[in-house]
Number of protein chains: 2
Amino acid sequence: MKKKLSGPTLRRLPRYYRIVCEHFERGEEYIRSVEIARRLDVDETQVRKDIAAINYSGKPKIGFNTKEFKAHLESFLDLSNAKKAFLIGAGSLGLALAKYTGFNKYGLDIIALFDVDPHKIGLKIAEKEIFHISEFTEKVCEQDIKIVIIAIPGEEAQKMATLAVNSGIKAIWNFAPINIEVPKEIIVANQDIAADFVILSMKIDENKG
Amino acid sequence: MKKKLSGPTLRRLPRYYRIVCEHFERGEEYIRSVEIARRLDVDETQVRKDIAAINYSGKPKIGFNTKEFKAHLESFLDLSNAKKAFLIGAGSLGLALAKYTGFNKYGLDIIALFDVDPHKIGLKIAEKEIFHISEFTEKVCEQDIKIVIIAIPGEEAQKMATLAVNSGIKAIWNFAPINIEVPKEIIVANQDIAADFVILSMKIDENKG
DNA sequence: TAGATTGTTAATCGATTAACAATC
DNA sequence: TAGATTGTTAATCGATTAACAATC
């Protein structure tokens with residue numbers, strides 16, 4: 001049984017993974033904690049602590065073997081095990097997410113899209129078919145889907161979330177700019193990209209002051 | 001001079017803003033800290049502490065006036081003051097960001113897009129013209145742009161970041177799935193959405209275990 | 001007034017950082 | 001061996017939570 005990691009540590013791990021991949025792909029055999037720390041602007045002791053927390057270890061004087069460390073992170077973060085998901089909303093954001101190539105590497109496999117626009121039904125985006133939302137519940141059951149991504153403009157997002165929950169979905173990744181509410185056993189991540197901008201913009205102000 | 005907020009507090013403020021807006025638009029005059037806490041799954045004392053940190057106060061027994069509190073957050077987070085930005089990349093993600101309507105409310109105004117594809121140059125997306133990247137530096141100066149959003153597939157992102165820095169940009173919001181590196185006086189937010197998925201997916205695993 | 005909620009001080013908890021020992 | 005880097009224990013720091021006072 002994995003011991004539970006702290007939130008901050010968990011959030012740093014995918015960032016380590018990215019850096020380690022970059023080094024590995026560049027053909028570098030080892031990476032040192034100070035290098036990871038510099039790239040991500042965290043403390044180097046922090047990096048080693050986090051690595052210790054996932055039971056990996058490096059070699060004193062040499063560093064961490066990029067290939068091994070990468071594999072360890074993939075195993076720990078369960079990246080190789082593709083998780084099937086449905087995507088609600090074939091608007092511009094939905095299409096962008098459907099076409100996004102970075103997800104496979106991180107264990108996300110978007111299987112199909114759903115929309116209400118009759119002009120879109122039947123089209124294929126990046127080899128994923130667009131179905132009418134009325135087929136959603138049935139297909140969730142058929143294909144044993146646990147994750148749904150919501151990418152519609154807002155007002156309808158809560159309704160779609162409720163539909164998803166009633167269809168047996170276990171986790172919702174919400175890109176609509178509202179805070180959706182679902183029963184507490186359902187996992188929700190409200191991806192508020194505008195809020196992320198606000199944080200960036202506050203940092204700019206700080207730099208000026 | 002604003003006293004500096006902690007990172008966690010700063011990250012919660014836009015979430016409070018969203019909830020307060022929702023209540024205000026629903027016509028509710030007051031909101032209580034316990035309600036905000038419930039909606040965002042944080043501690044209610046935390047909410048009051050955060051509110052105190054931005055020098056706002058409510059009324060005992062009644063709560064926080066939604067209209068006033070909303071205005072206070074807008075002022076504190078500087079949401080009313082539109083920040084001009086350029087967007088590099090008119091691919092599907094770039095278009096989705098250009099069309100995204102939620103940004104205005106959060107103080108972001110995307111002025112124009114840049115790309116290299118000759119078929120796209122001159123087109124308009126949500127009233128924003130697409131220019132050739134060769135015009136970037138000149139237009140940054142002309143329009144005194146401080147922020148650039150990078151939405152291209154990856155390999156080229158570092159080059160574009162460097163171009164942006166050389167053009168005098170002060171902050172970069174990077175959607176490309178690489179960790180871009182720039183001089184330390186430049187503010188960078190690497191928006192790694194795949195990483196956000198990993199965190200969601202780990203939470204699902206925890207729920208099972 | 002009584003009760004409910006805000007506001008604040010004190011206590012706890014956990015994450016980060018510092019110091020240093022272990023190791024190749 | 002000397003030096004560099006990992007790994008770990010201890011100290012610090014800051015965020016969260018708990019307790020309770022203030023207030024309408």
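Sequence lines set the chain letters: A, B, ... in the order given, protein chains first and strands last, and positions in each chain run from 1. Just so it is clear, the model here is predicted, and its values are computed rather than measured.
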B/N179 and A/E22: side chain donor to acceptor below 3.5 Å: no
Rounded distance (Å) that lies between atom C1' of C/dA11 and atom CD of B/Q46: 15 Å
Distance, rounded to the nearest Å, where B/L5 contributes CG and D/dT16 contributes C1': 16 Å
is_close_aromatic(B/F69, B/F24), centroid dist under 6.0 Å: no
Under-4.0 Å salt bridge between B/E156 and B/K159: yes
Ion pair A/R38/A/E35, N-O distance below 4.0 Å: yes
Validation row, ring centre A/F114 to ring centre A/F136 under 6.0 Å: yes
Nearest-angstrom distance from the residue atom CG of B/D50 to C1' of D/dT16: 10 Å
Test side chain to side chain contact (heavy atoms under 4.5 Å, CB included) applied to A/K83 and A/I110, A/D109, A/D78, the passing residue: A/D78
Geometric cation-pi criterion, B/K139 with B/F86: 6.0 Å, 45°: no
DNA chain D base-pair string [pairs: Watson-Crick or G-U under 3.5 Å; |: paired with another strand]: ..||||||||||||||||||||||
Return the polar atom pairs (N/O with N/O) between nucleotides 2-9 of chain D and the protein under 3.5 Å, or none.
{"from": "D/dG3", "atom 1": "N2", "to": "A/K61", "atom 2": "NZ", "distance (Å)": "3.4"}
{"from": "D/dT5", "atom 1": "OP1", "to": "A/R32", "atom 2": "NH1", "distance (Å)": "3.0"}
{"from": "D/dT5", "atom 1": "O4'", "to": "A/K61", "atom 2": "N", "distance (Å)": "3.4"}
{"from": "D/dT6", "atom 1": "OP1", "to": "A/S33", "atom 2": "N", "distance (Å)": "2.9"}
{"from": "D/dT6", "atom 1": "OP2", "to": "A/S33", "atom 2": "OG", "distance (Å)": "2.7"}
{"from": "D/dG7", "atom 1": "OP1", "to": "A/G58", "atom 2": "N", "distance (Å)": "2.5"}
{"from": "D/dG7", "atom 1": "OP1", "to": "A/G58", "atom 2": "O", "distance (Å)": "3.2"}
{"from": "D/dG7", "atom 1": "N7", "to": "A/R48", "atom 2": "NE", "distance (Å)": "2.7"}
{"from": "D/dG7", "atom 1": "O6", "to": "A/R48", "atom 2": "NH2", "distance (Å)": "3.0"}

Passing option when A/E25 is tested against A/K67, A/K105, A/K70, A/R18 for salt bridge (charged side-chain N to carboxylate O under 4.0 Å, His left out): A/K105
